[in-house]
Amino acid sequence: MTEKRRSRMSAEVDFERDGKQTGFIRLFHSVHASAYGFIPIPVVVIRNGAGPTALLVSGTHGDEYEGQVTLCNLAKSLEPSQIKGRVILLPMSNFPAALAGRRTSPIDEVNLNRAFPGNPDGSITQQIAHYISTELIPLADIVFDLHSGGSSLRYVPSVLMKTNADKAFEKRTFAAMQALAAPLAYVSEGGQGTGQDQTLGGEAVRQGIIALGCEMGGAGTVNPTALHIIERGVRNLLVHVGILPESARIAGEPTRITFVGGADYFVYANEGGVWEPCVELGDMVRAGQLAARIHTPETPWAPPAEVHFARDGMVLVKRIPGRTVRGDCLFHLCTDAPELMAG
Ligand code: CA
């Protein structure tokens with residue numbers, strides 16, 4: 001259940017007012033260098049009368065940049081007169097992490113996307129999660145959390161959603177994902193492991209709100225191709241929900257629909273060392289195929305460890321840094337799922 005206690009955080013903007021407002025959500029943080037100071041989380045609200053609300057979020061992981069650039073551009077280009085309803089932009093949702101260019105917050109080392117529904121009396125990142133859960137998600141008809149691979153991974157640029165036991169809800173989510181007109185999409189079974197989904201999207205779904213995500217490149221940089229895909233996708237999503245008019249739709253390409261399932265889709269390092277990828281992003285691979293060799297230059301005479309793919313599929317993501325330790329995710333796959341196209 002979502003925490004019912006009120007947030008200590010407060011917004012400088014009025015979410016119910018028409019027009020374009022910019023400002024900060026204040027997260028009070030009393031520290032040695034600033035006794036009464038606050039952490040300024042930037043927020044933009046663009047509203048024009050009654051209508052649907054889209055909550056667009058990036059910087060949930062601070063080292064993922066295509067989404068942050070997308071929302072920066074949207075903050076400047078989108079005007080109230082162009083829309084019906086409301087768009088809320090939260091480009092640096094985990095502000096301390098985004099400022100540091102890190103996945104997790106340098107203040108409490110918490111990963112915002114594993115902190116939902118959050119805690120109003122918890123650590124800094126837990127307070128941010130709680131504010132988004134209790135103050136922003138309830139305003140929204142659709143939530144789009146923009147990700148990429150971060151410092152340690154690179155993706156084939158893709159948009160994504162999770163499966164849902166409520167098939168009517170899943171179908172509406174699928175239609176929204178297709179509206180993005182991205183070249184590649186995947187439907188995922190959910191987070192790693194079992195238990196409550198602690199992601200921002202997972203919290204939105206718990207509240208009955210449609211949630212989409214994306215994985216736009218990564219490797220700790222901005223990928224121009226991925227940026228183009230997601231800027232177009234966000235516009236098309238706003239058309240799909242009725243915030244922008246049909247004339248604002250930007251033609252995309254047919255979306256290749258894929259599926260990401262459980263453990264056999266993932267390849268992990270079985271030893272530490274320097275890993276040598278034996279396939280590249282986008283390659284089609286077979287069960288049993290060699291995925292990587294892990295070398296130990298410390299003992300160069302030792303044979304490398306080998307890891308293999310457990311199933312057929314396409315290489316959707318790969319690890320970026322050359323050093324690896326046992327347990328790192330080196331690759332994960334997706335599989336074509338044309339039957340999902342039928343919805
Ligand atoms: Ca991410």
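The residues of the chain are indexed from 1 along the displayed sequence.
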Treating [X] as the side-chain partner and [Y] as the backbone partner, does any N or O pair qualify as donor plus acceptor under 3.5 Å?
{"X": "Thr335", "Y": "Val260", "value": "no"}
{"X": "Asn111", "Y": "Thr104", "value": "no"}
{"X": "Ser152", "Y": "Arg319", "value": "no"}
{"X": "Thr324", "Y": "Val274", "value": "no"}
{"X": "Asp283", "Y": "Val315", "value": "no"}
{"X": "Lys84", "Y": "Pro245", "value": "no"}
{"X": "Asn270", "Y": "Glu306", "value": "yes"}
{"X": "Glu12", "Y": "Phe24", "value": "yes"}
{"X": "Ser30", "Y": "Ala35", "value": "yes"}
{"X": "Thr199", "Y": "Asp197", "value": "no"}

Side-chain touch [X]/[Y], heavy atoms, less than 4.5 angstrom:
{"X": "Leu227", "Y": "Thr70", "result": "yes"}
{"X": "Ile210", "Y": "Phe169", "result": "yes"}
{"X": "Arg5", "Y": "Asn119", "result": "yes"}
{"X": "Glu276", "Y": "Pro304", "result": "no"}
{"X": "Leu27", "Y": "Tyr131", "result": "no"}
{"X": "Thr255", "Y": "Met177", "result": "no"}
{"X": "Leu244", "Y": "Gln82", "result": "yes"}
{"X": "Ile25", "Y": "Leu90", "result": "yes"}

Separation between [atom1] of [X] and [atom2] of [Y], rounded to the nearest 0.5 Å:
{"X": "Asp328", "Y": "Ile294", "atom1": "CG", "atom2": "CD1", "result": "8.5 Å"}
{"X": "Phe28", "Y": "Gln127", "atom1": "CZ", "atom2": "CD", "result": "11.0 Å"}
{"X": "Asn164", "Y": "Lys171", "atom1": "CG", "atom2": "NZ", "result": "14.5 Å"}
{"X": "Leu56", "Y": "Ile230", "atom1": "CG", "atom2": "CD1", "result": "9.5 Å"}
{"X": "Leu78", "Y": "Ile46", "atom1": "CG", "atom2": "CD1", "result": "4.5 Å"}
{"X": "Gln207", "Y": "Ser133", "atom1": "CD", "atom2": "OG", "result": "6.5 Å"}

With clusters defined by side-chain heavy atoms of hydrophobic residues (ILVMFWY) lying less than 4.5 Å apart, directly or transitively, does [Y] cluster with [X]?
{"X": "Leu200", "Y": "Met161", "value": "no"}
{"X": "Met216", "Y": "Leu146", "value": "yes"}
{"X": "Leu139", "Y": "Leu74", "value": "no"}
{"X": "Ile83", "Y": "Leu237", "value": "yes"}
{"X": "Val44", "Y": "Ile41", "value": "no"}

Item to complete: Check the pair Thr22 / Val13 against side chain to side chain contact (heavy atoms under 4.5 Å, CB included), numbers first and verdict last.
Response: CA-CA 7 Å; Thr22 60; Val13 295; 5.8 Å; no

Discussion item. Working note: Val307 + Leu330, criterion side chain to side chain contact (heavy atoms under 4.5 Å, CB included); need CA distance, chi angles, decisive distance, verdict.
Written reply: CA-CA 10 Å; Val307 286; Leu330 302 179; 4.0 Å; yes

Cationic N near anionic O, under 4.0 Å, [X] to [Y]:
{"X": "Glu280", "Y": "Arg154", "result": "no"}
{"X": "Asp18", "Y": "Arg47", "result": "yes"}
{"X": "Glu64", "Y": "Arg103", "result": "yes"}

Worksheet item: Can you say whether the rings of Tyr155 and Tyr186 are parallel (under 30°), tilted (30 to 60°) or perpendicular (over 60°)?
Response: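 Ring orientation of Tyr155 relative to Tyr186: parallel.
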
Nearest heavy-atom pair of [X] and [Y]: which atoms, and what distance?
{"X": "Trp275", "Y": "Ala292", "value": "CE3-CB, 3.7 Å"}
{"X": "Ala140", "Y": "Leu55", "value": "CB-CB, 3.9 Å"}
{"X": "Pro297", "Y": "His295", "value": "CD-O, 3.4 Å"}
{"X": "Asp312", "Y": "Ala287", "value": "OD1-N, 2.7 Å"}
{"X": "Ile132", "Y": "Pro138", "value": "O-CD, 4.2 Å"}
{"X": "Val110", "Y": "Asn94", "value": "O-ND2, 4.0 Å"}

Fill in: Ser7 and Glu135: side chain donor to acceptor below 3.5 Å
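Side chains of Ser7 and Glu135: no pair found under 3.5 Å.
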
Worksheet item: Under 3.5 Å, is there a donor-acceptor pair between the Thr60 and Asn113 side chains?
Response: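 Looking only at side-chain atoms, Asn113 and Thr60 do not form any donor-acceptor pair under 3.5 Å.
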
Practice prompt. May I have the step-by-step check of side chain to side chain contact (heavy atoms under 4.5 Å, CB included) for Ile107 and Thr125, ending in yes or no?
Written response: CA-CA 8 Å; Ile107 297 176; Thr125 308; over 6 Å; no

Item to complete: Only pairs at least two apart or in different chains count here, so list each salt bridge (charged side-chain N to carboxylate O under 4.0 Å, His left out) that has a residue in residues 215-242.
Response: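 Only Arg232-Glu253 qualify under salt bridge (charged side-chain N to carboxylate O under 4.0 Å, His left out).
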
Worksheet entry | CZ (Arg6) with more than 12 external heavy atoms under 6.0 Å |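 Check fails, neighbour count at 12 or below.
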
Practice prompt. Start with the C-alpha gap between Phe95 and Ile128, add the side-chain angles, then the distance that decides, and say whether side chain to side chain contact (heavy atoms under 4.5 Å, CB included) holds.
Written response: CA-CA 9 Å; Phe95 180 84; Ile128 295 171; 5.7 Å; no

